[in-house]
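Below is one structure; the comments refer to it alone.
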Amino acid sequence: MRKVRNSLFVIILLSGASCDDMLNVSPLSSITVASMWQSPEDAWGALYGAYSQFRGAYGGNYHDWGDYRTGYYGNGVQPGRFYKANLFDNNLVPDDDGTDWGSLYTLINDCNLILKYAPDISFRESKDKDFIIGNAYFLRAFAYYYIARIWGDAPVVTQPHESATQENLYPTRNPEAEVFEQVKNDIEQAVALIPDNYIMGKGLASRETANMLKVDAYLWLSKVKGEQLLDEANAAVDYVLNSANYSLSNSYAQVFEDDDNNENLFSVIYEQTEGTRNEGFIQPAANVPGEIQNNPVAVQSGTNWYNITTDYRDFLRADPADARALTTAAEYTYVTGGEEKYYLWIDKYKGT
């Protein structure tokens with residue numbers, strides 16, 4: 001897989017030029033649309049840039065826009081500056097995490113640029129162009145799906161913003177139904193365009209990934225909005241289950257252990273040495289006696305900001321046959337000197 005670390009690499013070659021010479025040189029050019037969208041490499045670079053923005057948008061907000069509003073999460077042992085009580089209580093104020101859609105619209109604009117310019121670039125292999133354009137539709141669908149569920153009425157922007165003087169710089173909200181129609185249209189484009197058996201690792205969408213987004217969105221629209229989309233969702237599930245590129249794991253816990261797991265269709269990729277958004281799901285080592293650290297209590301060097309509630313633990317374990325329960329909510333009671341200390345943590349996120 002190609003890896004792009006920066007959106008732009010600037011190389012300056014100094015050959016026999018003094019400092020004064022360099023300071024006296026006037027800028028001769030700037031990056032323009034005409035110079036950017038010329039080659040397949042430009043389109044690939046734009047796609048990786050869009051995925052970088054995707055990671056930035058969802059790195060922390062993914063939980064803020066999802067699980068934290070279910071009532072099943074609460075503060076960890078050290079609330080601190082990442083305190084999210086307002087999210088847990090659905091008592092939102094503008095400064096809270098997860099209340100700004102700016103990162104999603106930046107992602108949408110990245111996708112709109114690809115969808116405007118990539119079709120006119122000549123590729124040696126047409127499937128490469130289809131893959132890039134299909135992934136742009138996938139990302140845009142993902143963004144609008146979250147926008148529609150969280151904010152309802154919202155601007156539907158399908159043309160890129162490229163100038164401070166262009167028209168429609170301040171779009172108005174479209175009805176929620178129109179936002180969802182954009183989601184469905186973009187998903188269908190992604191499913192149709194991403195070539196079958198075109199797999200570029202877990203960090204980019206395959207046709208199977210696009211189908212699973214379709215499943216998620218169509219099930220949600222069926223349950224919450226009453227739309228008749230279950231047949232379409234079922235067909236998309238069948239496509240993924242019949243794929244030779246992925247397979248179900250024997251263990252629910254294995255799904256979270258590493259990105260190479262064959263049940264994992266799509267991941268937000270971090271290098272092991274990168275700084276990441278540590279959500280603090282497991283116990284801080286400072287609070288756990290050494291003899292039970294990671295055996296059995298999962299620990300980290302950082303802070304435990306959040307945890308699941310005991311009500312959620314009980315909900316997960318209501319069905320003794322549910323293999324997900326013990327992986328999702330692990331617990332241990334440590335007894336020493338006649339004193340008990342209870343540990344509860346989210347075990348599934350401790351993988352690599």
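All values reported here derive from a predicted model rather than from experimental measurement.
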How about [X] and [Y]: do any of their side-chain heavy atoms sit closer than 4.5 Å?
{"X": "N109", "Y": "T106", "result": "no"}
{"X": "V288", "Y": "P284", "result": "no"}
{"X": "Y342", "Y": "E331", "result": "yes"}
{"X": "Q283", "Y": "N307", "result": "yes"}
{"X": "F123", "Y": "D130", "result": "no"}
{"X": "T336", "Y": "P289", "result": "no"}
{"X": "W65", "Y": "R149", "result": "no"}
{"X": "E125", "Y": "F131", "result": "no"}

Check against side-chain contact (heavy atoms from CB on, under 4.5 Å), L326 and R317: CA-CA 8 Å; L326 294 179; R317 296 181 181 179; 3.8 Å; yes
What's the separation between atom [atom1] in [X] and atom [atom2] in [Y], rounded to the nearest 0.5 Å?
{"X": "Y117", "Y": "M36", "atom1": "OH", "atom2": "CE", "value": "10.5 Å"}
{"X": "D314", "Y": "I308", "atom1": "CG", "atom2": "CD1", "value": "9.5 Å"}
{"X": "L265", "Y": "I199", "atom1": "CG", "atom2": "CD1", "value": "8.0 Å"}
{"X": "K202", "Y": "I269", "atom1": "NZ", "atom2": "CD1", "value": "8.5 Å"}
{"X": "F281", "Y": "W345", "atom1": "CZ", "atom2": "CH2", "value": "15.5 Å"}
{"X": "L344", "Y": "I346", "atom1": "CG", "atom2": "CD1", "value": "8.0 Å"}

[X] (side chain) donor-acceptor with [Y] (main chain) under 3.5 angstrom:
{"X": "N61", "Y": "H63", "result": "no"}
{"X": "K225", "Y": "W220", "result": "no"}
{"X": "N174", "Y": "V156", "result": "yes"}
{"X": "E227", "Y": "L221", "result": "no"}
{"X": "R173", "Y": "D153", "result": "yes"}
{"X": "N135", "Y": "A205", "result": "yes"}
{"X": "T327", "Y": "K348", "result": "no"}
{"X": "Q293", "Y": "A285", "result": "yes"}

Transitively linked via ILVMFWY side-chain contacts under 4.5 Å: [X] with [Y]?
{"X": "V268", "Y": "Y48", "value": "yes"}
{"X": "V93", "Y": "Y68", "value": "no"}
{"X": "L139", "Y": "Y198", "value": "yes"}
{"X": "I187", "Y": "V224", "value": "yes"}
{"X": "W305", "Y": "Y312", "value": "yes"}

Other ILVMFWY residues reachable from Y137 by side-chain steps of under 4.5 Å: L115, I133, L193
Any donor-acceptor N or O pair under 3.5 Å, side chains [X], [Y]:
{"X": "S206", "Y": "Y246", "value": "yes"}
{"X": "Y239", "Y": "D196", "value": "yes"}
{"X": "Y343", "Y": "N287", "value": "no"}
{"X": "Y51", "Y": "D110", "value": "no"}

Using every non-hydrogen atom in the two residues, find where [X] and [Y] come nearest and quote the distance to one decimal.
{"X": "E208", "Y": "V240", "result": "O-CG2, 3.6 Å"}
{"X": "I282", "Y": "Q300", "result": "O-NE2, 3.0 Å"}
{"X": "V237", "Y": "V215", "result": "CG2-CG2, 3.5 Å"}
{"X": "D216", "Y": "Y145", "result": "OD1-OH, 2.5 Å"}
{"X": "I108", "Y": "V157", "result": "CG2-O, 3.6 Å"}
{"X": "E162", "Y": "Q166", "result": "N-OE1, 2.6 Å"}

Salt-bridge contact E232-K184 (side-chain N to carboxylate O under 4.0 Å): no
Residues, nucleotides or ligands: over 12 heavy atoms within 6.0 Å of N242 CG: yes
Greater than 12 external heavy atoms within 6.0 Å of Q228's CD: no
side-chain contact (heavy atoms from CB on, under 4.5 Å) between Q182 and R140, worked out: CA-CA 9 Å; Q182 188 65 49; R140 194 170 73 176; 3.2 Å; yes
Criterion side-chain contact (heavy atoms from CB on, under 4.5 Å) on N197 and N245, from CA distance to verdict: CA-CA 7 Å; N197 295 316; N245 298 311; 3.1 Å; yes
Verdict with supporting geometry, I147 and Y105, side-chain contact (heavy atoms from CB on, under 4.5 Å): CA-CA 9 Å; I147 288 170; Y105 277 101; 3.7 Å; yes
Those residues that, when tested against F138, pass ring pair (Phe, Tyr, Trp, His ring centres under 6.0 Å) (two or more places apart): F142, F266
Residue that, paired with W101, satisfies ring-ring contact (aromatic ring centres under 6.0 Å, His included) out of Y144, W151, Y146: W151
